Amino acid sequence: MMTSIRLRGVMWVLCCVLLAAAPASAEPVPENVTLTALETIVLPARDRVDLARRILGVHELPARPAAAPDWSLGDRKLFWATNTFENHSYQVEATLRTTGEHIILWVESGVDIRDETLQQLADIFDRDIYGPLTDLWGSEDIPGVDGDPRVYALFAYGMGPSVAAYFSSVNTYPQAVVANSNEHEMFFFNLDTLGTTFSASEVAGVVAHEFQHMIRAHQDQNEATWVDEGFSKFTELYTGYTYGSLGAAYSFLDAPHTQLNTWAEDGPR
C-alpha cells in the first residue's frame, strides 16, 4: 500500500515537471500599432497662417498688394536679418542698387560693392538661373506676399561666421503672421563670409542654391532638410555655377562613410 502511494506521488511530481517544461501554446504577437502609424502617416505641412489663427488670435489677414512696390535705384529700406550663429534677429538699412527682370539687389547702406558686379549678377540670374530652375523645379510663389513678381536679395554684414547665404520662408508671410517678416520672397548674402570684392560668377552659385530653397518652400513645405540641401547642391552643378560644390564632392569621396541626412553635431566632416 505504501509503495503504491509513493509511486502515485512520484508520477504526480513527474507530470507537473513535464507540464511545466512543455512549451506554452504560441499566442499571436500583437501588431506594433505605433511603429506602423509612424511608417505610414503623412505629416501635415507646417501652416503658419493656421497657427497664427489658433495661437495668436489672428482672424483677418491683409490683402495681397495689387501691384509691385514702385522702387527706384537709391531707395532705402529697413530689413530684418538673422545672425544664424548666435540665433538672433536684427535690422539693417539697405539701399536698392540694381534691378533685373526677375531680381532686385539691395546692399547694406554705406557698403561699397561695385555696381558692375551687381549688374552682372542680376544678368546671370535672369539669363542662366531663373528660367532653367523654374523649368526644372517649378516656380516660387508669384507674385508673392508683396505683389512683386521679382525676388529680393540683400547683401549685409552680421549674419555670423559660418554661413555664406540663407533663405528663410518666414519672409513669405505677412507681419500679422510673423512679426519680423520682411514680407518679400527674398534671400540673404553674408558679407562677413563673401566680402565685398567677389565676382558675379562666383556668387551666382550661391544665388542658384538659395533660389532652389525658395522654390522648394513653395512647392513642398515638408521636404526633408537633407533632401532640400541635396537639391540645392545639385542645382549649382546644373547651372554651371559651383560655389564649392565640387570640393564637397571630393571631400565625400575621401570619406564615403560620412552621414548625409543630418548636420554633424561637432561641425562639418
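Quick caveat: nothing in here was measured; it's all calculated off a predicted structure.
The minimum heavy-atom distance between Gly158 and Asp192, with the atom names listed, is N-OD2, 2.7 Å. Among all heavy-atom pairs drawn from Val151 and Phe125, the shortest one is CG2-CZ, 3.8 Å. Residues Thr95 and Ser109 come closest through the heavy atom pair OG1-OG, 2.8 Å.
Glu93 places no side-chain N or O within 3.5 Å of a backbone atom of Lys77 that could act as its donor or acceptor partner. Glu108 places no side-chain N or O within 3.5 Å of a backbone atom of Val92 that could act as its donor or acceptor partner. Asn182 places no side-chain N or O within 3.5 Å of a backbone atom of His184 that could act as its donor or acceptor partner. Between the side chain of Asn190 and the backbone N or O of Val163 there is at least one donor-acceptor pair closer than 3.5 Å. Put simply, the side chain of Tyr238 never gets that close to the backbone of Ser232: no donor and acceptor are under 3.5 Å apart. Panel note: side chain Ser181, backbone Val170; a donor-acceptor pair is recorded below 3.5 Å. No donor-acceptor distance shorter than 3.5 angstrom exists from the side chain of Asp228 to the backbone of Glu223, with no hydrogens or angles considered.
Side-chain contact check for Thr134 and Ser139: no donor-acceptor pair (N or O, by modelled atom type) lies under 3.5 Å. Tyr152 and Trp71 form a side-chain donor-acceptor contact under 3.5 Å, judged by distance and modelled atom types alone.
Aromatic ring centres of Tyr130 and His102: separated by under 6.0 Å.
Paired with Leu154 under the rule side chain to side chain contact (heavy atoms under 4.5 Å, CB included), one option of Phe187, Phe79, Trp80 passes, and it is Phe79. Among Trp106, Phe188, Phe198, the single residue meeting the ring-ring contact (aromatic ring centres under 6.0 Å, His included) criterion with Phe155 is Phe198. Of the residues Ile142, Ile103, Asp126, Ile104, the one that meets the side chain to side chain contact (heavy atoms under 4.5 Å, CB included) test with Arg150 is Ile104.
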request  = Check the pair Gln119, Asp123 against side-chain hydrogen bond (donor to acceptor under 3.5 Å, both in side chains), reporting the backbone distance first and the verdict last.
outcome  = CA-CA 6 Å; Gln119 187 60 59; Asp123 293 341; 3.1 Å; yes
ask   = Can you list the steps and then say if Arg64 with Asp141 is a salt bridge (charged side-chain N to carboxylate O under 4.0 Å, His left out)?
value = CA-CA 12 Å; Arg64 177 181 292 181; Asp141 187 14; 3.7 Å; yes
query = Given the rule in the side chain to side chain contact (heavy atoms under 4.5 Å, CB included) test, do Thr196 and Asp112 qualify, once you have shown the distances and angles that lead to the verdict?
reply = CA-CA 7 Å; Thr196 58; Asp112 184 20; 6.0 Å; no
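Taken from CG in Asn171 to CD in Glu183, the straight-line distance is 9.5 Å, to the nearest 0.5 Å.
Between Tyr241 and Glu236 there is no side-chain heavy-atom pair separated by less than 4.5 Å. Looking at Glu229 and His209, their side chains come closer than 4.5 Å, going by heavy atoms from C-beta outward.
Geometrically, Lys233 does not engage Phe231 in a cation-pi contact, judged by NZ or CZ lying under 6.0 Å from the ring centre and within 45° of the ring axis.
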